[in-house]
Amino acid sequence: RRTKKGCPFFQWTDSNIDKTRQRVYLKMYKKNKLKYKWTILRKRLMNFTSYPSDESRIVCLTCETILLEGEREQHNSHPLRKGISLEQLLQPSRIFLPHTERTSLAQEFFTKSTLQVIANNIHLFGTKSVICIGTPTLHEHLLSDNARGVSTFLLDLDPKYSQFYNPNLFQRF
């Protein structure tokens with residue numbers, strides 16, 4: 001659960017942001033800025049998916065990043081997951097370990113049956129667009145269910161999703 005204590009951006013709606021807080025926010029923004037721009041991330045993913053076998057696709061569980069061939073030595077001391085299939089890349093929340101130590105990155109993980117109930121209700125009510133806030137598994141499920149015509153957009157604090165989704169499908173907030 002997210003709390004005021006775990007969210008440094010908490011602000012009452014009727015208060016102004018002073019200069020000190022603006023500097024703190026700017027410093028935090030720069031510190032948490034993505035390592036790569038989206039165009040570079042897209043090229044990295046295309047390179048990663050072009051590997052001839054699943055066994056050559058490796059991710060670093062510590063850094064939560066896909067590893068290209070020249071980067072693997074830098075992660076030798078980190079736990080790695082090997083054998084990432086193209087199908088698994090459609091569900092990145094299932095590739096990496098869930099965040100348990102940082103409540104600010106807490107996510108909702110749903111069972112397959114729960115996801116199906118949610119998707120069925122979305123279709124039943126004729127909903128055409130869904131914003132998934134902190135629910136990457138729902139986002140992934142709705143994307144895989146795209147034959148039924150629902151567009152989905154993921155808002156999440158976790159930057160790892162920027163490796164897998166373009167800005168039309170994901171934004172970090």
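All values reported here derive from a predicted model rather than from experimental measurement. Numbers here simply count residues along the sequence, with the first being 1.
- Shown here is Q22, whose CD atom has more than 12 heavy atoms of other residues, nucleotides or ligands within 6.0 Å.
- Residues T49 and R57 come closest through the heavy atom pair O-NH2, 3.5 Å.
- The minimum heavy-atom distance between N168 and N166, with the atom names listed, is N-OD1, 2.7 Å.
- Between the CG atom of L138 and the CD1 atom of I122 there is a distance of 5.5 Å, given to the nearest 0.5 Å.
- Taking CD1 of I40 as the reference point, atom CG of L45 lies at 13.0 Å (rounded to 0.5 Å).
- Side-chain N or O atoms of R172 include one that pairs as donor or acceptor with a backbone N or O of L157 at under 3.5 Å.
- In this structure, the side chain of Y51 engages the main chain of E69 through a donor-acceptor pair within 3.5 Å.
- Side-chain contact check for L154 versus E140: every heavy-atom pair is 4.5 Å or farther apart.
- Between the side chain of R44 and the main chain of L68, no donor-acceptor pair closer than 3.5 Å is present.
- Contact detail for L41 and Q163: the closest heavy-atom pair is CD2-CG, 4.2 Å.
- C60 and L80 get closest at one heavy-atom pair: CA-CD2, 3.7 Å.
- We find the NE2-SG distance between H141 and C132 to be 10.5 Å, quoted to the nearest 0.5 Å.
- Interatomic distance, W38 CH2 to F170 CZ, rounded to the nearest 0.5 Å: 13.5 Å.
- In this structure, NZ on K82 lies 8.5 Å from CZ on R72, to the nearest 0.5 angstrom.
- In this structure, F153 and Q171 approach most closely via the heavy-atom pair CZ-CG, 3.4 Å.
- Counting only residues at least two apart or on different chains, the ring pair (Phe, Tyr, Trp, His ring centres under 6.0 Å) pairs with a member in residues 56-78 are H75-H78.
- Side chain of N120 to main chain of Q116: a donor-acceptor pair is present (N/O by atom type, distance under 3.5 Å, no hydrogens or angles).
- Under a hydrophobic clustering in which Ile, Leu, Val, Met, Phe, Trp and Tyr are joined whenever their side-chain heavy atoms come within less than 4.5 Å, directly or via other members, I66 and L90 fall into different clusters.
- When the side chains of ILVMFWY residues are joined at heavy-atom separations under 4.5 Å, either directly or via intervening members, Y165 and I84 end up in a single hydrophobic cluster.
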Checklist entry - Do T127 and N121 pass the side-chain contact (heavy atoms from CB on, under 4.5 Å) test, and can you show the C-alpha distance, the side-chain angles, and the key distance before you say yes or no? => result CA-CA 9 Å; T127 304; N121 281 312; over 6 Å; no
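- Residue L67 is not grouped with residue L97 when hydrophobic side chains (ILVMFWY) are merged at heavy-atom distances under 4.5 angstrom, including chains of intermediate members.
- Contact of the L169 side chain with the L143 side chain is registered, since non-hydrogen atoms from C-beta on lie closer than 4.5 Å.
- Atom CD1 of residue I58 and atom OG of residue S56 lie 7.5 Å apart, to the nearest 0.5 angstrom.
- The aromatic ring centroids of H139 and Y161 lie 6.0 Å or more from each other.
- Between L61 and F96, some side-chain heavy-atom pair lies under the 4.5 Å cut-off.
- The heavy-atom pair separating S85 from D54 by the smallest distance is CB-OD2, 3.4 Å.
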